[in-house]
Amino acid sequence: MTTDANAISSSSASNPSGGRRADSIFRRFNVGDALLGLICRTSAVVIALMLASLVLVLLSSAMPAIREFGLGFLVSREWRVNELERPLRDAAGQIVMQDGEVVTETIKPAFGALPVIYGTAVSSALALLFAVPLSLGAALFLVRVAPTLRIAGPLSFLIEFLAAIPSLAYGIWGLFVLAPFLQTTVGPAFQNTLQNVPGLRWMFFETVTISGKLVERPIPMTGRDMLCGSLVLAIMILPIVTSVSRDVLKAVPRTQIEGTLALGATWWQSCIAMLRYGRAGLFGAVMLGLARAAGETMAITMVIGNNNQINPSPFAPAQTMASLLANEFAEASEGLHRSSLLYVALVLLAMSLVFNIVARRLVIGTTSPAGH
Amino acid sequence: MTATMTQLRPDIALRAPAPAARGASAVTYPIIDAIKRGETPEPRVHASVIDETPILHVRDFQLWYGPSKALHGISMPIAKDKVTALIGPSGCGKSTLLRSVNRLNDLIEGVHIAGAIELNGESVYAKGVDVIGLRRRLGMVFQKPNPFPMSIFENVVYSLRISGERNKSVLSAACEKALRQAALWDEVKDRLKSSAMGLSGGQQQRLCIARAIVSEPEVLLLDEPCSALDPIATLRIEELIHEISERYTVLIVTHNMQQAARVSDYTAFMYLGRLVEYGRTADLFQIPQLRETEDYVTGRFG
Amino acid sequence: MIRARTERRRIFSNAMFALCAACAGVIVALLLAVSGYLVWIGAGSINAAFFTQIPTGDLNDPGGMRHAIEGTIILLGLASVVGIPLGVSAGVYLSEYQHEWLFAGPLRFIADVLTGVPSIVVGILGYELVVVPVAKMTSNSVSFSGYAGAAALAFIMIPIVARTTEEMLRLVPKSYREGSLALGASKAQTVLRVVLPTAFGSISTGVVLALARVAGETAPLLFTALGSRLLTRNPSEPFPSLTLQIYTYATGPYPEQKKLAWAGILVLLAMLFLVNIAIRLVATRHASTRLGKA
């Protein structure tokens with residue numbers, strides 16, 4: 001074996017306690033060690049560079065839009081890709097004529113992210129609303145009941161497998177099965193029962209400007225709308241929220257449950273105690289589902305209708321950040337349009353990173369042994 | 001089996017603790033008390049130890065885990081070709097001292113040392129020491145058997161393979177020799193290619209001994225090698241230690257005093273990171289010079 | 001009074017018990033209905049031509065998806081060549097060099113952050129970082145390519161593989177490392193001969209799962225590989241992938257192409273199912289032979 005005195009000489013410096021620092025064998029020169037260290041450190045640096053490049057590239061490409069719109073981008077409702085020429089109207093809505101010709105005004109392209117932020121927020125929130133109660137109930141069943149019935153294994157396997165199904169598959173199912181069903185059965189059923197209920201008219205009618213006049217018209221039932229989008233998202237996030245919640249509940253110490261049962265609690269009361277004990281981790285599971293839902297692209301693009309508008313009705317088509325990117329990025333030419341899309345991508349990235357980081361912190365805090 | 005064991009050291013019979021302690025219950029241990037106050041009293045090292053040829057020499061060795069000091073100025077020679085046992089209550093630093101010899105403590109964050117340990121006169125902690133080369137000269141066996149998840153054969157020849165030995169016949173010969181020395185050959189010779197994880201705990205530990213002696217180390221370090229084993233497996237390992245002590249210097253940590261009495265030639269009694277008394281095993285167990293040692297080996301304190 | 005309240009609580013508890021069971025039942029039924037429907041329709045649409053033919057251009061007889069299947073395999077291969085070694089060695093760094101430079105902690109965080117990046121954003125990054133610069137270099141107007149698509153897939157794979165590798169290496173008992181080092185092995189020898197082989201089975205499982213995950217990705221390929229109807233094996237051209245082809249056909253207007261999309265989904269699901277089953281079988285056998293006794 002070769003030795004290299006220089007490689008470790010630095011480690012013999014004295015320390016406050018008066019002893020010598022033990023030479024670390026890692027610092028000894030050894031070709032194999034040096035090579036392995038080089039490879040592993042390089043890979044580590046590559047991972048760091050990946051994140052850096054992601055942030056830097058998006059930031060620099062989005063810079064023109066950031067400069068142009070600033071933070072107002074996030075609250076602006078306009079999304080006009082092309083320059084628009086239209087007849088100028090006066091205050092009464094009459095077309096202005098001059099010398100026997102229609103006077104036109106030119107409207108510049110404008111970009112604002114509010115509709116897609118709204119679409120993402122509402123579709124994800126609705127998806128959570130549908131999915132979380134189901135997932136929590138199922139997780140309780142998996143932890144407290146399934147093991148005694150010896151079906152915890154197969155059930156868990158099924159849920160893991162379903163969590164692995166690509167979103168494209170859920171999207172196609174939504175497009176060909178759920179959307180037609182909503183269009184022909186569920187939508188009309190709601191319409192018939194609810195449209196005459198006072199205060200619910202907004203669900204089925206929208207107000208649009210046609211030829212300068214405000215017109216109220218029924219929202220066409222296409223099946224591809226906010227409701228369909230959030231239902232597909234809900235189905236997609238069910239497996240992941242269920243399996244993470246199950247892990248969190250599994251980590252609740254047995255003594256917690258036995259303690260409550262010993263005090264005479266009913267089955268459900270002990271479940272409540274369990275949910276309360278694991279609440280941080282369960283919140284993490286929900287955040288993980290939210291992150292999935294917010295970042296989901298393919299399924300949502302196929303079923304949400306892709307209309308860049310803010311309409312409170314669940315039967316109106318909408319657009320999310322991800323679906324906007326999927327729909328428009330390929331066609332966007334260089335310039336403000338592409339730059340604005342990158343701005344949207346940046347917002348989407350920031351949002352899902354926050355959700356993910358919060359979720360991970362909460363879930364790891366409760367499922368790892370160190371958390372207790 | 002038991003008969004063999006008593007034959008090993010016929011000169012040593014453990015003294016039963018005297019039921020009525022001498023005098024009243026007011027027994028005091030000045031040295032232990034001094035140690036508890038944080039002092040480092042001069043250890044009682046018998047002349048018989050000094051007369052031996054040392055292979056290892058620990059010189060005023062101190063070790064810290066971060067801010068807390070685990071070893072306080074240990075000085076002791078370890079006799080060549082003899083079995084030396086380190087005994088003492090848990091937390092006395094005996095395992096730490098053992099792991100300092102092959103510098104395994106280097107792996108722990110925040111460890112630093114002072115003083116020296118010499119192997120054949122060369123300082124183990126000197127600048128520029130080839131730690132890997134050092135470890136190849138020292139075999140080590142751990143508390144829990146830790147065979148690697150490979151075949152029995154690959155486990156035994158591991159240290160030869162990492163030194164670059166590729167010759168199949170050299171490896172086989174070395175493997176057989178080591179397994180024979182570890183008294184495991186007859187049990188595993190037909191399944192050298194099967195996984196070592198399938199062996200029983202005692203067999204795994206003997207495999208670990210074979211793995212440690214295959215490269216013919218100068219010193220064999222045993223860190224409570226029987227603590228995870230049942231009594232019968234323990235007995236076999238003790239017999240084995242006795243046999244291999246004819247060829248190797250053995251330094252063994254044990255918290256089992258009977259075991260120290262059965263297998264070792266020399267015994268060092270440690271307490272809270274200090275060496276208390278060190279001498280021939282027979283002397284230490286029969287005619288210790290310190291009341292503390294006598295009461296510890298007879299089980300009256302500790 | 002008290003007894004009545006207890007009784008009410010008991011009834012409520014039983015009701016909630018039933019509700020939880022119902023939740024589990026609904027989830028399983030729903031998901032089985034979805035995947036069952038996909039399999040059912042897919043099975044009715046699949047035929048030998050799906051695997052052997054490429055798009056014909058004839059709307060009534062659109063051929064098959066051989067090009068897309070091959071494309072996906074090549075994309076996965078290219079992504080693996082970069083992603084697996086990088087991911088595994090980064091995982092080794094996270095586990096075996098964890099005290100170094102105080103960098104491993106932040107790096108673990110970075111890897112976690114990267115696994116949460118929406119895949120469409122990865123696609124856009126691939127466009128901005130590979131497609132546009134290559135186009136500028138070659139002075140083409142666009143340079144969508146298989147390489148860009150593979151890079152996007154590798155981008156998704158690397159953090160997953162790194163974190164899985166790290167977690168699996170942490171399961172390797174410390175006593176193996178100490179045992180090897182005490183026998184005079186160097187760190188590299190310890191890692192390569194003892195630690196990695198011990199965790200090999202579980203790391204491969206993680207790698208296969210990561211591959212299965214990216215095999216189903218569409219969004220990262222939209223603006224990188226773009227898709228193609230040609231049987232191409234040249235990754236510097238726009239490149240076909242199964243998922244892209246399914247997406248194009250499914251959202252298009254032609255019924256025969258939609259049938260192919262259903263068949264494609266079936267193939268994807270079947271592959272995933274086989275991978276999951278295989279991993280489960282191997283994992284159960286593996287657990288009992290390797291780490292079980294450690």
Q) Looking at C:E128 and A:S61, what are the two nearest heavy atoms and their distance? A)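 Where C:E128 meets A:S61 most closely, the heavy atoms are OE1-OG, 3.0 Å.
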
Q | Pairwise distance OG(C:S35) to CG(A:L162) - rounded to 0.5 angstrom | A |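 Result: 5.5 Å between the selected atoms.
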
Given heavy-atom pairs under 4.5 angstrom as the criterion, report whether the side chain, backbone, both or neither of [X] touches chain A.
| X | value |
| --- | --- |
| C:I277 | both |
| C:A250 | both |
| C:R213 | neither |
| C:L31 | both |
| C:L222 | side chain |
| C:V26 | side chain |
| C:L114 | side chain |
| C:Y247 | both |

Taking every heavy-atom pair that is under 4.5 Å apart, which of [options] has the most such pairs with chain C?
| options | value |
| --- | --- |
| A:L35, A:L238, A:L51 | A:L51 |
| A:A169, A:G32, A:C271 | A:A169 |
| A:A294, A:P133, A:A345, A:A330 | A:A330 |

Q: Return the orientation label for the A:F176 and C:W262 ring planes: parallel under 30°, perpendicular over 60°, tilted otherwise.
A: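 A:F176 and C:W262: tilted rings.
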
Q: For the pair A:F329 and C:F223, name the ring-plane relationship: parallel under 30°, tilted 30 to 60°, perpendicular over 60°.
A: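 It falls in the tilted class, 30° to 60°.
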
Q | chain C contact via A:L175 - which portion, at a heavy-atom distance below 4.5 Å | A |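 When you check distances to chain C, only side chain atoms of A:L175 fall under 4.5 Å.
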
(Q) A side-chain contact here means heavy atoms from C-beta on lying under 4.5 Å apart; do A:R338 and C:Y127 qualify? (A)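 In short, these two side chains touch, coming nearer than 4.5 Å.
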
Q. Between A:V145 and C:C20, is any pair of side-chain heavy atoms under 4.5 Å apart?
A.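 Not in contact.
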
(Q) Just so I understand: if I count every heavy-atom pair under 4.5 Å between each of C:V28, C:I246, C:V88, C:L107 and chain A, which residue has the most? (A)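 Among the listed options, the one with the most contacts to chain A is C:L107.
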
(Q) Does A:R246 have more than 12 heavy atoms from other residues, nucleotides or ligands lying within 6.0 Å of its CZ? (A)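 More than 12 heavy atoms, drawn from other residues, nucleotides or ligands, come within 6.0 Å of this atom.
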
